[in-house]
Structures are given as structure tokens and as C-alpha cells.
Amino acid sequence: MIRLRQERKWSQEHLAYEAGLHRTFVAHVERHARNISLDNLEKIAVAFGVEAYSLLQP
């Protein structure tokens with residue numbers, strides 16, 4: 001997720017906006033401070049235009 005965001009030169013705030021999530025939620029997920037639901041994983045995948053499973057790969 002961080003790699004995709006950086007490749008697109010998106011801020012956490014921009015990703016959150018595109019995915020319909022809160023900026024602090026994106027920050028917590030990136031820091032592994034919060035778990036992410038499948039629904040929110042799908043929202044982020046749609047925002048990036050990728051398959052959800054690709055966000056789970058290292």
C-alpha cells in the first residue's frame with residue numbers, strides 16, 4: 001500500500017479521499033497500528049485500480 005501510494009505520489013490524505021476513508025485510518029493501517037477489514041481493503045484497492053489481493057503481498 002505504501003509503495004503504490006508513493007509511486008503515484010499520493011499523500012495519505014489523498015488516498016483516504018479516493019477510498020472514502022479517514023486520513024488517520026490510512027496512517028494507522030500503514031503503521032500496522034490497526035487491522036483493516038476486507039471492506040476497507042477493497043475500497044483502497046478500487047482507489048488504486050488494483051485487485052485487493054495484491055495489497056496483501058509483501
Side-chain angles (χ1 to χ4, degrees):
M1 190 166 108
I2 295 170
R3 181 182 47 78
L4 287 171
R5 186 174 59 75
Q6 290 174 342
E7 285 174 1
R8 288 167 172 77
K9 298 185 182 349
W10 285 6
S11 64
Q12 290 176 339
E13 186 173 10
H14 184 78
L15 172 56
Y17 173 79
E18 292 293 328
L21 300 169
H22 196 274
R23 180 194 53 81
T24 58
F25 177 77
V26 171
H28 289 163
V29 170
E30 285 187 357
R31 287 195 329 264
H32 304 274
R34 287 186 70 173
N35 293 323
I36 188 168
S37 69
L38 292 177
D39 290 336
N40 288 339
L41 184 72
E42 181 68 22
K43 288 178 184 180
I44 291 171
V46 168
F48 280 135
V50 299
E51 295 291 332
Y53 73 87
S54 68
L55 296 174
L56 301 174
Q57 298 172 338

Sequence neighbours left out, what pairs pass salt bridge (Lys or Arg N to Asp or Glu O under 4.0 Å) with at least one residue falling in residues 38-58?
none
Which residues share a side chain to side chain contact (heavy atoms under 4.5 Å, CB included) with A45, sequence neighbours left out
V50, A52, L55
Drop me the distance from R34's CZ to N40's CG, to the nearest 0.5 angstrom.
8.5 Å
Is it the case that one hydrophobic cluster holds both L38 and V46, taking links as side-chain heavy atoms less than 4.5 Å apart, direct or via other members?
no
Which residues pass the side chain to side chain donor-acceptor pair (under 3.5 Å) test with S11, sequence neighbours left out?
none
Residues passing the side chain to side chain donor-acceptor pair (under 3.5 Å) test with H22, sequence neighbours excluded, are T24
Same hydrophobic cluster for L41 and Y53, using side-chain heavy-atom links shorter than 4.5 Å among ILVMFWY?
no
Roughly how far, to the nearest 0.5 Å, is the CD atom of E13 from the CD atom of E18?
11.5 Å
Using a 3.5 Å cut-off and no angle test, enumerate the donor-acceptor pairs between side-chain atoms of residues 2-10 and protein atoms at least two apart in sequence or in another chain.
unit_1, atom_1, unit_2, atom_2, d
R3, NH1, E7, OE2, 3.2
R5, NE, E30, OE2, 2.7
R5, NH1, W10, O, 3.0
R5, NH2, E30, OE1, 3.0
R8, NH2, F48, O, 3.0

Note: with side-chain heavy atoms under 4.5 Å as the link, the other cluster members for Y17 come out as none
Look up atom NE2 in H28 and atom CD in Q12, then write down how far apart they are to the nearest 0.5 Å.
9.5 Å
